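Fair warning: this is a prediction, and the values are worked out from it, not measured in the lab. Chain A is the first sequence line, chain B the second, and so forth, proteins listed ahead of strands; every chain is numbered from 1.
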2 protein chains.
Amino acid sequence: MTTNTVFRNRSVLIYGLSLALLMFLLKWLEWRFLVIDHATEIYAGCIAVLFTGLGIWLALKLARPKVQTVIVEREVIIRTDSFMLDEKQLEATGISKRELEVLQLMAEGLSNEQIAERIFVSVNTVKTHSSKLFGKLDVIRRTHAIDKARKLNLIP
Amino acid sequence: MTTNTVFRNRSVLIYGLSLALLMFLLKWLEWRFLVIDHATEIYAGCIAVLFTGLGIWLALKLARPKVQTVIVEREVIIRTDSFMLDEKQLEATGISKRELEVLQLMAEGLSNEQIAERIFVSVNTVKTHSSKLFGKLDVIRRTHAIDKARKLNLIP
DNA sequence: GCGGCACTCATACTTTAGGGTGATTTTGCA
DNA sequence: TGCAAAATCACCCTAAAGTATGAGTGCCGC
């Protein structure tokens with residue numbers, strides 16, 4: 001492509017652009033007059049569009065949601081071995097009422113202090129009870145006492 | 001009450017009614033001029049109201065109905081006499097295999113040292129496991145952990 | 001009435017459990 | 001193959017549990 005061709009093409013381009021601009025201007029003027037002529041209609045149209053939008057927004061915002069209830073089933077495994085205190089074992093081990101009480105609370109995971117609060121005695125008393133309890137169950141740890149007591153049907 | 005009085009009263013009534021009518025007429029005229037003066041505003045207002053209504057109608061007619069889902073959990077009780085590990089709970093709590101092992105031995109009443117011997121690790125390791133275990137079960141004592149784990153069907 | 005037992009409490013001490021931190025190795029999974 | 005989680009271990013410290021001993025009170029049965 002020679003330089004000459006480029007120049008000729010540029011002229012064509014400029015000419016085309018000018019033409020396009022002119023037509024655009026004319027169209028714009030035409031549109032302007034249209035706007036002036038139909039000002040009221042356009043005004044009304046704008047309001048219509050605006051308030052239609054408002055109405056839609058209002059409806060969506062305020063519409064009461066339809067409530068749909070979904071029931072989800074959740075499995076709960078419950079062991080139903082009914083506990084019954086073994087009185088004979090209680091007698092055999094020689095565990096007293098109070099000691100059994102402490103043992104039950106122990107099995108629920110309470111600390112000595114919490115047990116003391118629960119049965120309205122001092123921590124020292126709880127310690128004495130548990131010590132004697134351990135002796136009677138022949139264990140040296142509360143966890144072991146709990147396990148053994150359960151196997152003897154002294155606690156659930 | 002005499003007839004005279006009635007007549008006099010009727011005159012008063014007619015006079016009053018005429019006055020009221022006149023005032024009403026005047027008010028109406030006033031309002032008419034107001035309407036004429038503000039014709040455009042009233043026109044716009046009518047359009048606004050109309051299209052707001054249209055918008056609401058459109059929205060209600062075309063919009064996908066808003067559905068609010070309410071999930072109701074229904075417990076399905078599964079009764080079982082024999083122990084069966086609740087895998088879901090295990091997953092939910094995030095307790096690992098080793099931690100569960102430690103938990104089981106704990107429940108048998110073993111001390112940390114005994115557990116360490118049993119599973120061939122150091123006491124420190126057992127402590128680490130139990131600490132993490134307590135965190136996952138949201139407890140701070142082994143007895144409480146045992147009780148909770150039993151209730152969650154993690155141990156027999 | 002008195003001994004025995006259950007219950008209560010205290011003090012002093014030892015042991016065990018539990019928390020916190022940090023580090024290394026294994027392992028399962030993408 | 002590389003990363004995250006699990007598993008392993010150590011050290012230090014505090015809190016809780018457990019032991020030992022002694023002592024006071026109230027109840028029951030002989």
Residues which pass side chain to side chain donor-acceptor pair (under 3.5 Å) with [X], listed by chain and number, not counting sequence neighbours:
X	answer
Ser131(B)	none
Glu101(B)	Arg98(B)
Lys88(A)	none

Residue pair [X] / [Y]: nearest heavy atoms and the distance that separates them:
X	Y	value
Asp86(B)	Leu152(B)	CB-O, 3.6 Å
Leu137(B)	Ala145(B)	CD1-O, 3.8 Å
Val139(A)	Lys148(A)	CG1-CD, 3.9 Å

### Message
Just to verify, what does Ile140(A) make a side chain to side chain contact (heavy atoms under 4.5 Å, CB included) with, not counting sequence neighbours?
### Response
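Counting only residues at least two positions away or on another chain, Ile140(A) forms no side chain to side chain contact (heavy atoms under 4.5 Å, CB included).
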
### Task
List for me each residue that meets side chain to side chain contact (heavy atoms under 4.5 Å, CB included) alongside Leu85(A), sequence neighbours excluded, and say none if there are none.
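Result, side chain to side chain contact (heavy atoms under 4.5 Å, CB included) vs Leu85(A): Phe83(A), Glu87(A), Leu90(A), Leu100(A).
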
### Distance in Å, Leu154(A) CG paired with Ile146(A) CD1, rounded so as to fall on 0.5 Å steps
12.5 Å

### Message
As an exercise, state the distance from CZ of Arg150(A) to CG of Leu103(A), rounded to the nearest 0.5 Å.
### Response
9.5 Å

### Query
Going by heavy atoms closer than 4.0 Å, what residues in residues 149-156 of chain A are next to DNA chain D?
none

Pairwise N/O distances under 3.5 Å, protein to nucleotides 3-7 of chain D:
from   : atom 1 : to       : atom 2 : distance (Å)
dA7(D) : OP1    : Arg98(B) : N      : 3.3
dA7(D) : OP2    : Ser96(B) : OG     : 2.3

### Query
Applying salt bridge (Lys or Arg N to Asp or Glu O under 4.0 Å), which residue pairs with at least one partner in residues 114-142 of chain B are found, sequence neighbours left out?
Glu99(B)-Lys136(B)

### Query
Among side-chain atoms of Thr125(B) and Thr128(B), is any donor-acceptor pair under 3.5 angstrom?
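No pair is found: no donor N or O on one side chain lies under 3.5 Å from an acceptor on the other.
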
### Query
Ile115(B) and Met106(B): side-chain contact (heavy atoms from CB on, under 4.5 Å), yes or no, with the steps?
CA-CA 7 Å; Ile115(B) 295 172; Met106(B) 250 181 206; 4.1 Å; yes

### Message
Please determine whether the number of non-hydrogen atoms from other residues, nucleotides or ligands lying under 6.0 Å from atom CD of Gln89(A) exceeds 12.
### Response
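Yes, because the 6.0 Å sphere around CD of Gln89(A) holds more than 12 heavy atoms from other groups.
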
### Summary
Under a side-chain separation threshold of 4.5 Å, the hydrophobic residues clustered together with Val123(B) are none

### Query
What is the bend of the helix from dG1(C)-dC30(D) to dA30(C)-dT1(D) when you compare the axis at one end with the axis at the other, using five pairs each and rounding to 10°?
60°

### Message
Base contacts versus sugar-phosphate-only contacts with protein, heavy atoms under 4.0 Å: please encode nucleotides 12-25 of chain D as B, S and - from 5' to 3'.
### Response
-----BBB------

### Task
Walking along DNA chain C from 5' to 3', note the first and the last nucleotide with an atom under 4.0 Å from a heavy atom of chain B, and give both.
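The footprint of chain B covers dA17(C) to dG19(C).
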
